[in-house]
Amino acid sequence: MESSNGKPPQGKEEGMAAAAEGSIGGYESLHRLLESNLSPELFKEASRLLLGLNCARPLEAISLPGATTALAEAHDFDVQAFRFNADKEQMRQPRIVRVGLVQNSIAVPTTCHFADQKKAIMEKVKLIIDAAGASGVNVLCLQEAWTMPFAFCTREKRWCEFAEPVDGESTQFLQDLAQKYNMVIVSPILERDINHGEIIWNTVVVIGNNGNIIGIHRKNHIPRVGDFNESTYYMEGNTGHPVFETAYGKIAVNICYGRHHPLNWLAFGLNGAEIVFNPSATVGELSEPMWPVEARNAAIANSYFVGSINRVGTEVFPNAFTSGDGKPQHADFGHFYGSSHFSAPDASCTPSLSRYRDGLMISDMDLNLCRQIKDKWAFRMTARYDMYANLLSEYMKPDYKPQVISDPLINKRKA
């Protein structure tokens, strides 16, 4: 078994790697691998290069209540907590918000009755939400389509049974918890739009700390790559780029594949977001090199915090399927590598949660840092939105011609 700090016991690396699919040589994450194998001085320097500095200092770890750590130990989920500071100001008080991210695997095999699958996931996730509540988390985001296996690779329409109205079972379940813990909860679900022909959307429901539904957002960008055949089930969303003003700050949600689109990130920033969540479901072979880069870049470019969430585990389906990449038929997506983390506008970020265990990432963040970074780098002031708008306007015309200046000597023959 793994020790509480994420390191395999000495001499157990090979056995641990075999026991835990998704580990790195038996370690839960790259950060923990480096911590165990580098000297303290060298590890400190490696962390500075990988995670950056917050207000010129390494990110601070936070001590959590015993109730939280007890739940994590009893139910075997990873829990980590860090603090993002901002510089002290003379005219504004700190605006510190405690934010949480939940990653989890499914709870029973995909061959089980759908109702049993959903119930088991909800029971598992409730324990992690309870841990977040015990820690005083103000805003909590769950992973994409958290109530179900990520079955959109199969193209089988029976998985549509997991779809529910905005005010359906999972929302009602979370409304009680939101009210109990005075917590805003961001709940990504498969939505069935009762008022518009019962069509399906990939949707987040934002639940206020009083248990009310603040609003929804639907996924803007739908992947058509590899096993991700999501347009079999739902198409691009129609809600724009809403920012939800909550009791704890202005939040937005860039669902999964939208993280590959810089203008999607930009739009949430233009609408005033201070924290943008990216609930996702993505596998190692396809996207892992991009995972620590895209959200961090978005946080820097748009001067807001980003919370990145990915599910964990390998979900095996009853029937094999094929995809557009030419591989032989198979029955699973691959390994969902977890690695949920926070990124800050000053380019600092937390280590990642486990690559294979359920987890809760908590961060105290001073939202004053958003404006401080805007003032420092002046990205908004120096941006050329008028120039970009003109280019995009021209690009959308059928007769658009790219602005390419060719070297007249490229094709000229030598004399």
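In this chain, residues are counted from 1 in sequence order. The structure presented is a predicted model; accordingly, all values stated were derived computationally and were not measured.
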Could you go through Phe305 and Leu369, starting from their C-alpha distance and side-chain angles, then the distance that decides it, and tell me whether this counts as side-chain contact (heavy atoms from CB on, under 4.5 Å)?
CA-CA 9 Å; Phe305 290 92; Leu369 185 63; 3.8 Å; yes
Start with the C-alpha gap between Leu53 and Ser348, add the side-chain angles, then the distance that decides, and say whether side-chain contact (heavy atoms from CB on, under 4.5 Å) holds.
CA-CA 5 Å; Leu53 298 176; Ser348 62; 6.0 Å; no
Before giving the answer on side-chain hydrogen bond (donor to acceptor under 3.5 Å, both in side chains), spell out for Thr147 and Ser170 the whole-Å C-alpha distance, their side-chain angles and the decisive distance to 0.1 Å.
CA-CA 8 Å; Thr147 63; Ser170 66; 5.5 Å; no
Are Val102 and Ile309 close enough, and set up right, to give a side-chain contact (heavy atoms from CB on, under 4.5 Å), and what steps lead you there?
CA-CA 7 Å; Val102 175; Ile309 312 103; 5.8 Å; no
Show the numbers, then the answer: is there a side-chain hydrogen bond (donor to acceptor under 3.5 Å, both in side chains) between His75 and Asp358?
CA-CA 9 Å; His75 301 284; Asp358 296 350; over 6 Å; no
Report the C-alpha distance between Arg357 and Phe77 in whole Å, list the side-chain angles of each, state the deciding distance to 0.1 Å, and finish with yes or no for side-chain contact (heavy atoms from CB on, under 4.5 Å).
CA-CA 6 Å; Arg357 282 200 300 158; Phe77 60 85; 5.7 Å; no
Between Arg380 and Tyr385, is a side-chain hydrogen bond (donor to acceptor under 3.5 Å, both in side chains) present by the stated rule, with each step listed?
CA-CA 9 Å; Arg380 286 285 183 265; Tyr385 298 122; 3.1 Å; yes
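Atom SG of Cys141 sits about 12.5 Å away from atom CD of Gln103, to the nearest 0.5 Å. The CE atom of Met183 sits 11.0 Å away from the CD1 atom of Ile207 when rounded to the nearest 0.5 Å. Atom CD in Gln143 sits 11.0 Å away from atom OG in Ser187 (nearest 0.5 Å). The distance from atom NZ of Lys219 to atom CD1 of Ile255, rounded to the nearest 0.5 Å, is 7.0 Å. With values rounded to the nearest 0.5 angstrom, Ser63 atom OG is found 9.0 Å from Arg83 atom CZ. Here CD1 of Ile213 is found 10.5 Å from CG of Leu174. Values are rounded to the nearest 0.5 Å.
In this structure, the ring of Phe342 has its center no less than 6.0 angstrom from the ring center of Phe82. Taking the six-membered ring where the residue is Trp, the centroids of Phe43 and His31 are separated by under 6.0 Å.
Salt bridge status for Asp87 with Lys376: absent, with no side-chain N to carboxylate O gap under 4.0 Å. Using a cutoff of 4.0 Å between basic side-chain nitrogens and carboxylate oxygens, Glu164 and Lys118 are scored as salt-bridged. Salt-bridge check for Asp375 with Arg371: failed, with every basic side-chain N at 4.0 Å or more from each acidic carboxylate O. The pair Glu45-Arg48 counts as a salt bridge, with a side-chain nitrogen and a carboxylate oxygen less than 4.0 angstrom apart.
Crowding of Ile410 atom CD1: a count of heavy atoms from other residues, nucleotides or ligands under 6.0 Å exceeding 12. Atom CD of Glu245 has 12 or fewer neighbouring heavy atoms from other residues, nucleotides or ligands inside a 6.0 Å radius. In Lys124, the NZ atom is crowded: over 12 heavy atoms of neighbouring residues, nucleotides or ligands sit closer than 6.0 Å.
Proximity of a side-chain donor or acceptor of Gln117 to a complementary backbone N or O of Cys112 within less than 3.5 Å is detected. Remark: the backbone N or O of Cys160 is paired with a side-chain donor or acceptor of Arg192 at under 3.5 angstrom. In this structure a side-chain-to-backbone donor-acceptor pair under 3.5 Å is present from Glu144 to Ala281. For the pair His335 (side chain) and Arg355 (backbone), a donor-acceptor distance under 3.5 Å is present. Checked by atom type and distance alone, the side chain of Ser280 never pairs as donor or acceptor with a backbone atom of Thr282 at under 3.5 Å. Side-chain atoms of Thr203 never come within 3.5 Å of backbone atoms of Arg218 as a donor-acceptor pair (strictly under, hydrogens ignored). Between the Ser343 side chain and the Cys349 main chain, no donor and acceptor come within less than 3.5 Å of each other. Remark: side-chain polar atoms of Glu315 are not paired, donor with acceptor, to backbone N or O of Asp332 under 3.5 angstrom. Formation of a donor-acceptor pair under 3.5 Å by the Asn138 side chain with backbone atoms of Val184 is not found in this model. At least one donor-acceptor pair closer than 3.5 Å links the side chain of Asn278 to the backbone N or O of Asn254.
Taking the six-membered ring where tryptophan is involved, the planes of Phe152 and Phe150 are perpendicular, since the angle between them exceeds 60° and thus also 30°. Ring geometry, Phe333 versus Phe321: the interplanar angle exceeds 60°, so the pair is classed perpendicular (tilted spans 30 to 60°). Between Phe162 and Trp159, the ring planes are parallel. Angles under 30° get that label, and only those over 60° would be called perpendicular.
Within the structure, every pair that satisfies the ring-ring contact (aromatic ring centres under 6.0 Å, His included) test and touches residues 181-227, not counting sequence neighbours, is listed here: His217-Phe268, His221-His261.
Side-chain atoms of Asn182 and Asn209 include a donor-acceptor pair closer than 3.5 Å.
Side-chain contact between Arg259 and Met290: absent, with no pair of heavy atoms (C-beta onward) separated by less than 4.5 Å. Contact check for Glu60 versus Asp364: no side-chain heavy atoms found under the 4.5 Å cut-off.
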Would you list the atom pairs, donor with acceptor, under 3.5 Å between side chains in residues 387-398 and any protein atom, with sequence neighbours excluded?
from, atom 1, to, atom 2, distance (Å)
Asn390, ND2, Asp386, O, 3.2
Glu394, OE2, Lys397, NZ, 2.9

